[in-house]
Amino acid sequence: MPAAMTMPATVHEAEAIQEDLRTRLDPTGPGPRDPALVAGVDVAYAGDRLAAAVVVLGGPTLEVVEQVTVPGRVAFDYVPGLLAFRELPSLVEALERLTVTPDLIVCDGYGVAHPRRFGLACHLGVLTGLPTVGVAKTAFVGSHEEPGRERGSWSELRLDGDVVGRVLRTQDRIKPVFVSTGHAVDLETACHNVLALTPHHRLPETTRAADRLSRDALQAALKGVGFNSR
DNA sequence: GCGACAG
DNA sequence: ATCTTGTCGC
């Protein structure tokens, strides 16, 4: 169902594609309040080898419903602001192989809190047509105040006078995460869902599960396990 | 011009 | 992202 990922050959070309995709973004849609199926996505690397992973968790229990991994090669070097072109080709492929359709996708990185207001989560949302949110571990763009020290506390992340996300504390006294909307969800709903996904840890269970799976899949691919070890 | 810069 | 041991703490 997702549209194919277009691979640019240059940074300038990538920015042009980004600008085009941005016209299809829905930065407001309410989005799912308590999604039945939430997907986590991540990619692990080793030189030019990589492994993308998607893990779908279900309901309030956060049980694993389905998981898919896709081995591959790096096709676009990392450039701040263009992370999507490095991670998405394999991730879109993995999402296409899912037999269930997630109600929400949680990405590792930013959504509209981006230099050109179109980060990884936005790309994935527009490409799949599904609601997406970005949850990043470190600062990238924007300025903010330190949020309160209890879980649930947050402060605005602003860029050029606009609120582009929230710095959200997911655990008491623990370093907060940076939440920004990707596609078809509003910031309030995004944060509500992130809190529902962080009952015991700083990062969403979806992110933790996808991170582990991508690393395992990468190791398996490097050892030549399975059939897709090209 | 110089430094910063998701993962 | 990745390179990397032990160690402090729940």
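Worth knowing before you read on, the calculation uses all heavy atoms, side chains too, and leaves out hydrogens, waters and symmetry mates. Each chain gets a letter, A, B and so on, in the order its sequence line appears, and its residues count up from 1.
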Length of the CG-P vector between A:Leu203 and C:dA1, whole Å | 10 Å
Tell me which nucleotide among C:dT2, B:dA6, B:dG7 gets nearest to the side chain of A:Glu87.
-> B:dG7
Per-pair stack call A:Phe140 and B:dA6, 5.5 Å, 30° | yes
Grab the NE2-P distance between A:His114 and B:dG7 for me, whole Å please.
-> 13 Å
Contact summary for A:Gly58 and A:Leu37, nearest pair of heavy atoms | CA-CD2, 4.2 Å
Could you work out which one of B:dC5, C:dT2, B:dG7 sits closest to the side chain of A:Ala44?
-> C:dT2
Hey, is A:Asp211 close enough to A:Arg215 for a salt bridge, meaning N to O under 4.0 Å?
-> yes
Would you say A:Tyr78 reaches B:dA6's phosphate, i.e. side-chain N/O to OP1/OP2 under 4.0 Å?
-> yes
CZ of A:Phe85 versus P of B:dA6: gap in Å, rounded?
-> 17 Å
Could you give the CD-to-C1' distance, from A:Gln219 to C:dC3, as a whole number of Å?
-> 13 Å
Out of curiosity, does A:Leu91 fall in the hydrophobic cluster containing A:Val56 (side-chain heavy atoms, cut-off under 4.5 Å, transitive links)?
-> yes
Using only side-chain N and O atoms of A:Lys137, determine if any of them is under 4.0 Å from OP1 or OP2 of B:dA6.
-> no
A:Glu15 CD to B:dC5 C1': how many Å, rounded?
-> 14 Å
Looking for any heavy atom pair under 4.0 Å, which part of the strands does A:Gly81 touch: base, sugar-phosphate only, or nothing?
-> base
What's the closest nucleotide to the A:Asp108 side chain, out of B:dA6, B:dG7, C:dT2?
-> B:dG7
B:dA6 OP1/OP2 closer than 4.0 Å to side-chain N/O of A:Arg86 | no
Taking 4.0 angstrom as the limit, do A:Asp108 and A:Lys137 come out as a salt bridge?
-> yes
Under 4.0 angstrom, heavy atoms only, what part of the nucleic acid is A:Ala46 near: base, sugar-phosphate, or nothing?
-> nothing
A:Leu83 CG - C:dA1 P separation (whole Å) | 10 Å
Find the distance A:Tyr45:OH to B:dG7:C1' and express it as a whole number of Å.
-> 7 Å
Mind calculating the distance between CG (A:Leu222) and P (C:dT2) to the nearest angstrom?
-> 11 Å
Looking across every strand, which nucleic acid part, if any, lies under 4.0 Å from A:Leu82 by heavy atom: base, sugar-phosphate, or nothing?
-> base
Any luck finding a side-chain donor-acceptor pair between A:Glu205 and A:Thr198 under 3.5 Å?
-> no
